[in-house]
Amino acid sequence: MLTGEILSSIGNLTLLNRLYLWFNDFYGEIPQSLGNCRQLIELKLSNNNMSGSIPEEVLSLSTISIIFRLAHNQLSRSLPSQVGSLANLVELDLSYNKLTGPIPSSISKCLQLERLSLAVNSFHGEIPPALGTLRGLRELDVSHNDFSSKIPRFLVQLTDLNYLNLSLNKLEGEVPKQGVFLNASAVSVFENSNLCGGIAELNLPSCKSNTSKPFPTKKVIVIAAVAAILSGFILCFCLFIIWYRRKTSKENLSPTELPFEHRFSRVSYKELFRATDGFSETNVIGKGRYGTVYKGTT
């Protein structure tokens, strides 16, 4: 097993077309000078302790067309957009590193890519539509990252895809039932807690029906509130009009329109006794079957 740093002088091997340094104990950064090896068609540096970022100069080697394998290292930072220079590459393996950021859209230029593994990194964002242009893709592994949003529909249209691993991400929504998703042995989606649907063999919960009554929108709530306030105001106004009219009609009643018991003044027995001189016979004005009528002076 070899150990130590990869010397920058390796860039002097300009006629080098294959470099296999995998399963060693190399550490440090991948030398930028490796970008001088412009006849390189295959690069394997996996299973070492390489750190730092992936040099743009190395990714710009468009001659690499067979394998570009940097898996099982300590590489970090984002994947440079120069990955799009690998237009003739068949296999790209960057798994088991510490790469982060979104997958660059330039990967759509890698039209010959058949195997792509970005597993066990810290890539995030959506699984990019750029992968939908890779019609020859047979294997895609983006498991154990921080990808979110829904499973993109273009994965259904990749007819050559026979292995797809989306596990251990933050994907959500319904799993398709077309294309590669019809083969449970070819698809892995576990540990995405918000996924639902899919074929029965995936053992996912059923998706909630879209026919359920939708929650009222903010606009509907505002309209309902305004309508309720206006209705309340109109009701109060009508009650006030009714009260006011009744009050006015009572004040305008003539004595003859008053109820019988309110047409005459109330007089006490004492006042009657005094006004008739003690119910004197001289003040009698008539007698009847039911009593005597007196005149009185108040």
Side-chain angles (χ1 to χ4, degrees), residues 53-54 56 59-60 62 64-65 67-71 75 77-184 186-199 202 204 207 210:
S53 59
I54 302 175
E56 297 177 0
L59 284 174
S60 297
S62 59
I64 301 180
S65 57
I67 295 176
F68 190 109
R69 191 175 291 169
L70 302 180
L75 299 171
R77 302 177 189 172
S78 60
L79 178 60
S81 61
Q82 282 75 11
V83 69
S85 300
L86 304 174
N88 299 309
L89 185 64
V90 173
E91 178 181 332
L92 176 60
D93 188 355
L94 304 177
S95 60
Y96 291 87
N97 280 287
K98 298 178 180 179
L99 299 172
T100 186
I103 299 175
S105 59
S106 59
I107 202 170
S108 63
K109 298 177 182 178
C110 302
L111 298 177
Q112 302 303 315
L113 208 56
E114 295 182 6
R115 292 178 292 279
L116 173 61
S117 180
L118 303 175
V120 194
N121 280 285
S122 295
F123 289 108
H124 58 76
E126 297 181 351
I127 298 175
L131 295 181
T133 64
L134 309 181
R135 297 295 180 178
L137 206 59
R138 296 178 180 274
E139 299 177 11
L140 175 61
D141 190 348
V142 293
S143 62
H144 212 301
N145 280 282
D146 289 317
F147 291 113
S148 57
S149 192
K150 296 182 178 181
I151 294 177
R153 299 295 301 178
F154 68 77
L155 292 175
V156 172
Q157 300 167 359
L158 297 178
T159 55
D160 290 337
L161 197 61
N162 53 41
Y163 175 76
L164 175 63
N165 195 342
L166 304 176
S167 301
L168 293 156
N169 281 286
K170 299 176 181 178
L171 300 171
E172 60 185 31
E174 185 174 4
V175 175
K177 294 181 181 179
Q178 300 89 27
V180 67
F181 293 96
L182 290 173
N183 186 355
V187 175
S188 179
V189 294
F190 72 90
E191 291 297 326
N192 286 279
S193 58
N194 292 321
L195 286 179
C196 63
I199 59 175
L202 295 178
L204 295 173
C207 295
N210 292 328

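Looking at heavy atoms from C-beta onward, L131 lies in side-chain contact with L116 at the 4.5 angstrom threshold. In this structure, I151 and F181 have side chains that are in contact, with non-hydrogen atoms separated by less than 4.5 Å. Inter-residue side-chain proximity for L140 and L134 is flagged as unmet; no heavy-atom pair is nearer than 4.5 Å. Using a 4.5 Å cut-off on side-chain heavy atoms (C-beta onward), I54 and L94 make contact. In this structure, L99 and L118 have side chains that are not in contact, with every pair of non-hydrogen atoms separated by 4.5 Å or more. Between E139 and S117, the closest side-chain pair of non-hydrogen atoms is not below 4.5 Å. Considering only heavy atoms from C-beta on, V83 comes within 4.5 Å of P104 through its side chain. Taking the side chain as every heavy atom from C-beta outward, P128 and I103 approach each other to under 4.5 Å.
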Less than 3.5 Å apart, which donor and acceptor atoms pair up between the side chains of residues 154-162 and the rest of the protein, not counting sequence neighbours?
none

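Residues G197 and L204 come closest through the heavy atom pair O-CB, 3.4 Å. Residues V120 and N145 share a closest heavy-atom pair of N-ND2, 4.0 Å. Between F147 and N169, the shortest heavy-atom distance links the atoms N-OD1, 3.0 Å. Scanning all heavy atoms of the two residues, the minimum distance from G84 to C110 falls at CA-SG, 4.2 Å. Nearest heavy atom pair, residue D146 against residue K170, reads OD1-CE, 3.8 Å. Between P80 and E56, the shortest heavy-atom contact is CB-CG, 3.9 Å.
Considering only residues two or more places apart in sequence or on other chains, A87 meets the side chain to side chain contact (heavy atoms under 4.5 Å, CB included) condition with none of them. Remark: N194 pairs with E172 by the side chain to side chain contact (heavy atoms under 4.5 Å, CB included) rule, at least two apart or across chains. S95 is linked by a side chain to side chain donor-acceptor pair (under 3.5 Å) to D93, counting only residues two or more places apart in sequence or in another chain. Under the side chain to side chain contact (heavy atoms under 4.5 Å, CB included) criterion, E126 pairs with S149, not counting sequence neighbours. The side chain to side chain donor-acceptor pair (under 3.5 Å) search around R77 returns none, not counting sequence neighbours. Qualifying side chain to side chain donor-acceptor pair (under 3.5 Å) partners for N183, counting only residues two or more places apart in sequence or in other chains: S185. Under the rule for a side chain to side chain donor-acceptor pair (under 3.5 Å), the partners of E91 that lie at least two apart in sequence or sit in another chain are R69, R115. By the side chain to side chain contact (heavy atoms under 4.5 Å, CB included) test, N165 pairs with D141, S143, Y163, S167, S188, sequence neighbours left out. With sequence neighbours left out, E114 forms a salt bridge (charged side-chain N to carboxylate O under 4.0 Å, His left out) with R138.
Counting only residues at least two apart or in different chains, side chain to side chain donor-acceptor pair (under 3.5 Å) contacts with residues 96-108 comprise Q74-K98. Screening residues 101-144 for ring pair (Phe, Tyr, Trp, His ring centres under 6.0 Å) gives no qualifying pairs among residues at least two apart or on separate chains.
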TODO: Report the C-alpha distance between L166 and V142 in whole Å, list the side-chain angles of each, state the deciding distance to 0.1 Å, and finish with yes or no for side chain to side chain contact (heavy atoms under 4.5 Å, CB included).
DONE: CA-CA 6 Å; L166 304 176; V142 293; 3.6 Å; yes
Task: Steps toward side chain to side chain contact (heavy atoms under 4.5 Å, CB included) verdict (L113, L86) - done: CA-CA 9 Å; L113 208 56; L86 304 174; over 6 Å; no
